[in-house]
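So the structure is just underneath, and the comments pick up after that.
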Amino acid sequence: MEIYNSKEAEKELSKINGWSFKKDGIEKEFEFEDFIEAFAFMTKVAILSEKENHHPEWSNVYNKVTIRLATHDDAGGLTDKDFKLAGKIESVLV
């Protein structure tokens with residue numbers, strides 16, 4: 001499994017809106033109308049993540065959700081699994 005560094009990640013990051021490379025992973029903050037919308041989003045992402053067997057590090061404060069993706073098992077860094085899940089998370093927003 002290929003591990004991406006910041007330079008190698010640039011091409012993949014150009015395909016997913018608003019994500020950035022940080023500390024050997026990718027991160028994005030999402031903002032919603034209110035807490036209910038933020039929590040609904042988190043629920044959708046939780047179900048998606050469970051299906052992918054790839055789980056985010058995340059936090060929620062009222063209407064903001066911050067998600068960080070990095071592959072911990074086996075790889076120990078940023079992999080294709082992270083970009084794939086980020087793309088699927090983006091599809092939840094439409």
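Model, not experiment: these values are computed from the prediction.
- Residue Lys28 qualifies as enclosed at atom NZ: its count of foreign heavy atoms under 6.0 Å is above 12.
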Inset, instruction - Show the numbers, then the answer: is there a side chain to side chain contact (heavy atoms under 4.5 Å, CB included) between Leu93 and Glu90? - result: CA-CA 6 Å; Leu93 294 169; Glu90 289 297 315; 3.7 Å; yes

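- In this structure, the separation between CG on Asp82 and CD on Glu27 is 11.5 Å, given to the nearest 0.5 Å.
- Looking only at distances, no side-chain donor or acceptor of Asn63 sits under 3.5 Å from a matching main-chain atom of Glu37.
- To the nearest 0.5 Å, atoms OG (Ser49) and CD1 (Ile89) are separated by 5.5 Å.
- Linking Ile, Leu, Val, Met, Phe, Trp and Tyr whenever their side-chain heavy atoms come within less than 4.5 Å leaves Val65 and Ile36 in two separate clusters.
- Counting heavy atoms from C-beta on, the side chains of Ile3 and Thr79 come closer than 4.5 Å.
- Separating the CD1 atom in Ile47 from the CD atom in Glu52 is a distance of 13.0 Å, to the nearest 0.5 Å.
- Between Phe32 and Phe30, the ring planes lie parallel to each other; the angle is under 30°, not in the 30° to 60° tilted range.
- At most 12 heavy atoms of other shown residues, nucleotides or ligands fall within 6.0 angstrom of atom CD in Glu33.
- Taking the centre of each ring, Phe83 and Tyr4 come in below the 6.0 Å mark.
- One finds the NE2 atom of His54 at 5.5 Å from the CG atom of Leu69 (value rounded to the nearest 0.5 Å).
- Both Tyr62 and Phe39 are members of a single hydrophobic cluster when ILVMFWY side chains are connected at heavy-atom separations under 4.5 Å.
- Between the side chains of Glu12 and Trp19, no donor N or O sits under 3.5 Å from an acceptor N or O.
- Remark: the backbone N or O of Ala9 is not paired with any side-chain donor or acceptor of Asn5 at under 3.5 angstrom.
- Separation of atoms OG1 (Thr71) and CG (Asp24) is listed at 11.0 Å; rounding is to 0.5 Å.
- Atom CG of residue Asp80 and atom CG of residue Leu85 lie 12.5 Å apart, to the nearest 0.5 angstrom.
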